[in-house]
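This report concerns only the one structure given below.
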Amino acid sequence: MEQYRQECRNIIINIITDMAKEKGISEKELSFDQLAAENPPKPEYGDIAFPLFPFAKSFKDAPPKIAAAVAGKLAEVKNPLIEKAQAAGPYINVTLLRAAICTSVIESVEKEQERYGTNNHLRGTKIMLEFSCPNTNKPLHLGHLRNDSLGESVGKILKKSGAEVLKVDLINDRGIHICKSMLAYQKFGNNTTPESEGMKSDHFVGNYYVKYAEWEKKEPEIIEQARKMLIDWESGDEQVRLLWKTMNKWAIDGVKQTYEATGIEFDKYYFESETYELGRDEVLKGLEKGVFFKKDDGSIWVDLKAYDLDEKVLLRSDGTSLYLTQDIGTAISRSKDWPFERMIYVVASEQNYHFKVLFLVLGMLGYEWAKNCYHLSYGMVNLPEGKMKSREGTVVDADDLLAELIDYAVKEIESRERDDDAQDIKTISNAIALGALNYYLLSASPHKDIIFDPEKSISFNGDTGPYLQYTSARISSILRKYEERKDQYQNGKYDPSLLTVQEEWDIIKLIAGFPDLVAKAADEYNPSLVTAFLFELAKLFAKYYHDNPVLKNEDQNLVMTRIALLKAILPVLKSGFQLVGIPFLERM
RNA sequence: GCGUCCAUAGCUCAGCUGGAUAGAGCAACGGCCUUCUAAGCCGUAGGUCGCACGUUCGAGUCGUGCUGGACGCGCCA
């Protein structure tokens, strides 16, 4: 679509330039950079609108008069794109010639199929993308689901825009919080295992973290035991390491099961237990170079007052690492492993300050690429009752939520009594649950806080993933019926001049803009542009096919033409679905 | 106290580089299944775009101030 806009815009620029010459106005006075190509508010106005306010000054004339003059000249221009151009007040509205554009759009989708939307916006750019980053002391919760959903989707959008993407996860497998669940297991575990208890392994570990919290409430002094365990861990105590390995494996295995269930994949895993020492070395090097400074108690600090921030500790007085220390190490080892042109961290907004500091520190250590690091900050996920609080047990567990969604989908399917169409209830309800979840989590702008209402997310009416799946299943159904009765239409021929319904044209224009939209979503790291696009396309189609039969037409040419349109819509939906994690369903 | 972000219909959210009467979905009310899946379609109602100034021919959109909210400012992660 953008190409058509640009072409029309150039024609108008030429006309205005000529008009200015006649009036002896110099070209410098014309503010073409302000000439916008917009969408008219109503379809009857045409397809592209140009407000002419910016030229009022140089022409010393009213915008409506200028518009009328330009429209007059535009009418004389012969262009295969333009059907007509009219002045409406201060605007020039251009109506495009439909048939050629329809054919061109339909042909490019036919050629590219589900690859449609692929663009060269970021061609060849190496982008490392970090997301999820679970702790190994408890299972994933709703907050992780937003993170995972966003990371996975942004990765796909970047790839579709030509980038080379490496998705990495950082397993937070080290620290005092890990020792807490280990301690509780030592005390209460009785050598049970996830297998012996028949429990998903990360939930099993999580239970001991909860048990620890209860325990500490009664006996606050046990925190000392946890601290000692961390020291033992750092010094490599065999027993502690063994228990750590065992429980880590349980936690990670369980998390990976959730990844698989939700369609999350990584190219590479990093473990904090393997990178935190490198961070410490880097900080010490920085100290030698005089970038950082040491306080009397031996702790090492960075002074960020020059950047309007405060001082920040990088290494404890006892020499042990902090969160920031490990992130420094991780970042550096990554740039060595896979030299990237961009590094994106998908992490909640509560860590905005952390990343500001991290990038500054990396820059101070002399790493040029620090300026190419970006914190994709996303808002908190709250519940209708308020904030999720682990202490109050209001944290929504990821696996539980998914199970709840699937359960609801099963009930919905059964209540419809359409088991002929929806044979495999399990697969379909799984797909619906995932579609509902991903669509809900991605349809808000990333940086905004969202309220996750479990009740609403599993409602399948309106602006939801299941609605999109339903619409695409309907298209599939029509195409299936067409294939079955193909013989009846063998005399029909595709004829773009038959695409006269407004919705048909709106659909074509929408589809034409999809590659640009994907590129923009890649620029903004914003999947909600894609979800909004999909909803608009699905809604347009739903309205269209409700009023306009595809197969039930006397005119076989019309049937063939509309089938061609449907064959262009479906791959675009599928393509968009892939980008935002909505499973496509042939039937539902 | 300081910093970052947010504020649009009863609720959840869109609103592209400022441009023609501010848009969806849900909830409410009223229609539409002998017709390609009613998880659908159509219609009605609902808004001083938090408040006040300012910039501009033009502000939901940009700037300043204020109010309200979220998050952060740990030798936690």
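Residue numbers start from 1 in every chain, and the chains themselves are labelled A, B, ... in the order their sequence lines are given, proteins ahead of strands. Just so you know, these numbers use all the heavy atoms, side chains as well, and skip hydrogens, waters and symmetry mates. As the structure is a computational prediction, the values presented were derived from the model and not from experiment.
Checked by distance alone, N93(A) brings a side-chain donor or acceptor within 3.5 Å of a matching partner on the base of A20(B). Judged by distance alone with a 3.5 Å cut-off, a donor-acceptor contact links the side chain of K42(A) to the base of U21(B).
Minimum heavy-atom separation, T275(A) to Q326(A): OG1-O, 4.2 Å.
Y545(A) comes within contact range of at least one nucleobase, with a heavy-atom separation under 4.0 Å. Using a 4.0 Å heavy-atom criterion, one finds that D310(A) contacts no nucleic acid atom at all. At a threshold of 4.0 angstrom between heavy atoms, the contacts of Q469(A) with the nucleic acid are absent. Looking at heavy-atom distances under 4.0 Å, I451(A) makes contact with sugar-phosphate atoms alone, never a base. Residue contacts shown for A36(A) are absent, as no nucleic acid heavy atom lies under 4.0 Å away. No engagement by N553(A) is indicated, since no non-hydrogen atom pair under 4.0 Å with the nucleic acid exists.
Using a 4.0 Å cut-off between charged nitrogen and carboxylate oxygen, E234(A) and R174(A) count as a salt-bridge pair. Checked for salt-bridge contact, K520(A) and E2(A) miss the test: no charged N lies under 4.0 Å from a carboxylate O.
For U48(B) and A7(B), the C1' atoms lie 16 Å apart once the distance is rounded to whole Å. Comparing the C1' positions of G43(B) and A24(B) gives an interatomic distance of 16 Å, to the nearest angstrom. One P atom belongs to G58(B), the other to C13(B), and the distance between them is 34 Å to the nearest Å. Nucleotides G25(B) and G46(B) are separated by 14 Å at their C1' atoms, to the nearest Å. The separation of U55(B) from G60(B), taken at their P atoms, amounts to 16 Å, rounded to a whole angstrom.
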Subject >> Nucleotide-level pairing of RNA chain B, given in dot-bracket where Watson-Crick and G-U pairs need both distances under 3.5 Å and | marks other strands >> reply: (((((((..((((.....[...)))).(((((.......))))).....(((((..]....))))))))))))....
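Side-chain N/O atoms of K456(A) include none lying less than 4.0 angstrom from OP1 or OP2 on C11(B). An OP1 or OP2 oxygen of C76(B) is reached within less than 4.0 angstrom by a side-chain nitrogen or oxygen of R316(A). Between S477(A) and U37(B), a side-chain N or O to OP1/OP2 separation shorter than 4.0 Å is present. Distances shorter than 4.0 Å separate some side-chain N or O of R474(A) from OP1 or OP2 on A38(B). Not one side-chain nitrogen or oxygen of N39(A) sits closer than 4.0 Å to the OP1 or OP2 atom of C16(B). Regarding contacts with the backbone of A14(B), a side-chain N or O of K448(A) is found under 4.0 angstrom from either OP1 or OP2.
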**OP:** Just do the side-chain hydrogen bond (donor to acceptor under 3.5 Å, both in side chains) check on Y212(A) and E216(A) with the steps written out, would you?
**Re:** CA-CA 6 Å; Y212(A) 173 87; E216(A) 199 196 72; 2.8 Å; yes
**OP:** Show the numbers, then the answer: is there a ring-ring contact (aromatic ring centres under 6.0 Å, His included) between F131(A) and Y378(A)?
**Re:** CA-CA 11 Å; F131(A) 61 103; Y378(A) 63 89; over 10 Å; no
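Among the nucleotides C13(B), A77(B), A39(B), the one closest to the side chain of I413(A) is A39(B). Nearest to the side chain of P41(A), among U37(B), A20(B), A39(B), sits A20(B). Nearest to the side chain of A542(A), among G40(B), C36(B), A70(B), sits G40(B). Relative to the side chain of Y353(A), the nucleotides C76(B), C73(B), C36(B) differ in distance, and C73(B) lies closest. Side-chain atoms of K387(A) lie closest to C71(B) of the nucleotides C6(B), G3(B), C71(B). Side-chain proximity of Y467(A) to the nucleotides C6(B), A39(B), C41(B) is greatest for C41(B). Side-chain proximity of A473(A) to C76(B), G40(B), U37(B): nearest is U37(B). Looking at the side chain of K552(A), the nearest of the listed nucleotides G40(B), U37(B), U35(B) is U35(B). Side-chain proximity of M380(A) to the nucleotides C71(B), A14(B), A77(B) is greatest for C71(B). With distances taken from any side-chain atom of H546(A) to the nucleotides A20(B), G40(B), A24(B), the minimum falls on G40(B).
The closest side-chain donor-acceptor pair between Y544(A) and R562(A) falls under 3.5 angstrom.
Looking at residues two or more places apart in sequence or on another chain, you find a ring pair (Phe, Tyr, Trp, His ring centres under 6.0 Å) between F533(A) and F514(A).
Panel note: side chain H354(A), backbone L324(A); no donor-acceptor pair is recorded below 3.5 Å. No donor-acceptor pair closer than 3.5 Å links the side chain of S153(A) to the backbone N or O of L150(A).
Only one option out of Y439(A), F577(A), Y467(A) pairs with F535(A) in a ring pair (Phe, Tyr, Trp, His ring centres under 6.0 Å); it is Y467(A).
Mapping S445(A) and L315(A) onto RNA chain B by nearest heavy atom places S445(A) at the nucleotide closer to the 5' end. Nearest-nucleotide positions on RNA chain B place F50(A) closer to the 5' end than the other of K295(A) and F50(A).
Y374(A) has its ring centre no less than 6.0 Å from the ring centre of F355(A).
The cationic atom of R474(A) (NZ for Lys, CZ for Arg) does not lie both less than 6.0 Å from the six-membered ring centre of Y545(A) and within 45° of the ring axis.
C71(B) has its base anti relative to the sugar, with a glycosidic angle deviating from 0 by more than 90°.
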Original post:
Tell me, for nucleotides 56-62 of chain B in 5' to 3' order, what letter each nucleotide earns: B for a base near a protein heavy atom under 4.0 Å, S for only sugar-phosphate near one, - for neither?
Top reply: -B-----
